Amino acid sequence: MRGRMALLGLGVVAILHRSAEVLPAQTPARPRAVTVRTADERRWLTRSAPAAEVHVLRGSRAEALIATLPDAVDRAIAANLRFLGGEFTGPKLQLFIVGSDAEMTSLIGGQAFGSARPEQGTAYLIANDSMHPALRHELMHLLVHRKWGRSRSPWLEEGLATNAAGSCAGYSISAIAAELNREVKLVPLATLWRNFSVAWEAGAINYVEAGSLVDIDRSYGRDRLRALWQHWEDGKIEAILGIDRETLEQQWKSDLARHAPSPPWATIFPVVVSRGCE
């Protein structure tokens, strides 16, 4: 869930993290290919976690957090693996953390709170004294590709990562989705699935909606959610879940109606844009 609105491509850029990641008009439509895979010790300070190497840009605002980052990374990986199932496997993940928008733009060629490259096992994040790094979101992108393989669906890719983040602006993803439902701002599932948006406010709404919909695993089980991930096609929803899209949409919105909603979206959205999620 890709940055000032996430940019989907070979790499995953977290949208709501400014996940959901949000894209102003002047931001490039697609970050350039990131080539940083190993850390130059003259530029990066490196600390190790059990499953990751954490590289912090020297002299950045992120440097003040370096003592706490390995434990935070370890906790985020553990939380995501509890959801996905299984132990950590494969080479250590590589996380590059900078302290500002300008440093991130210099690093990846676009604006984002976070960007993940699952095929490289690498993620890029912003962290400073006023912004938590989008660890659970970006690490979920990396870990789910190792555990479940690559999804064929943008809404599932970003929905799972957004759900992993857990909250935005201090409110759960489901509480925000409940408010969006109350304000009649959610898009139909057919639109979410076929035309997942990453553009500005519409993209932020799509990220929250997808993150909330991932909670269908509470009703249908983690195995069926994984089957959707691995075999996604709109036409297979009935074969996998045993219900059609219209019934799923009704059940999901009925569940949202039972949640206490967040404050109005007009209040939540500016916080998401300025501070991100997590």
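Please read all numbers here as calculations on a predicted model, not as lab measurements. The basis for the numbers below is simple: all heavy atoms, side chains too, and nothing from hydrogens, waters or symmetry mates.
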Qualifying salt bridge (charged side-chain N to carboxylate O under 4.0 Å, His left out) pairs with a residue from residues 260-271, counting only residues at least two apart or across chains: none
Quick test of your reading of the model: are Asp255 and Arg258 salt-bridged, counting only N-O distances below 4.0 Å? yes
Go through the structure and list residues passing side-chain hydrogen bond (donor to acceptor under 3.5 Å, both in side chains) with Glu179, not counting sequence neighbours. Arg182
Flag, side chain of Glu201 to backbone of Phe269, donor-acceptor distance under 3.5 Å: no
Beyond-backbone contact of Phe83 with Leu225, side-chain heavy atoms, under 4.5 angstrom: yes
How would you list, by chain and number, every residue that makes a side chain to side chain contact (heavy atoms under 4.5 Å, CB included) with Ser130, sequence neighbours excluded? Arg61, Asn128, Arg275
Would you say the side chains of Trp252 and Ser219 form a donor-acceptor pair under 3.5 Å? no
Taking only residues two or more places apart in sequence, or in another chain, which ones meet Ser153 in a side-chain hydrogen bond (donor to acceptor under 3.5 Å, both in side chains)? Trp155
d(Lys147 NZ, Leu81 CG) to nearest 0.5 Å is 6.0 Å
Does atom CG of Asp223 have more than 12 heavy-atom neighbours, drawn from other residues, nucleotides or ligands, at distances under 6.0 Å? no
Any Leu93 side-chain heavy atom under 4.5 Å of Arg146 side chain: yes
Anything under 3.5 Å between a donor and an acceptor, one on a side chain of residues 67-79, the other on a protein residue two or more places apart or in another chain? List them.
from, atom 1, to, atom 2, distance (Å)
Thr68, OG1, Leu65, O, 2.9

Could you work out, with side chain to side chain contact (heavy atoms under 4.5 Å, CB included) as the rule, every residue matching Gln251, not counting sequence neighbours? Tyr220, Ile243, Thr247
Between Asn163 and the options Asp215, Val208, Ile173, the side chain to side chain contact (heavy atoms under 4.5 Å, CB included) test singles out Asp215
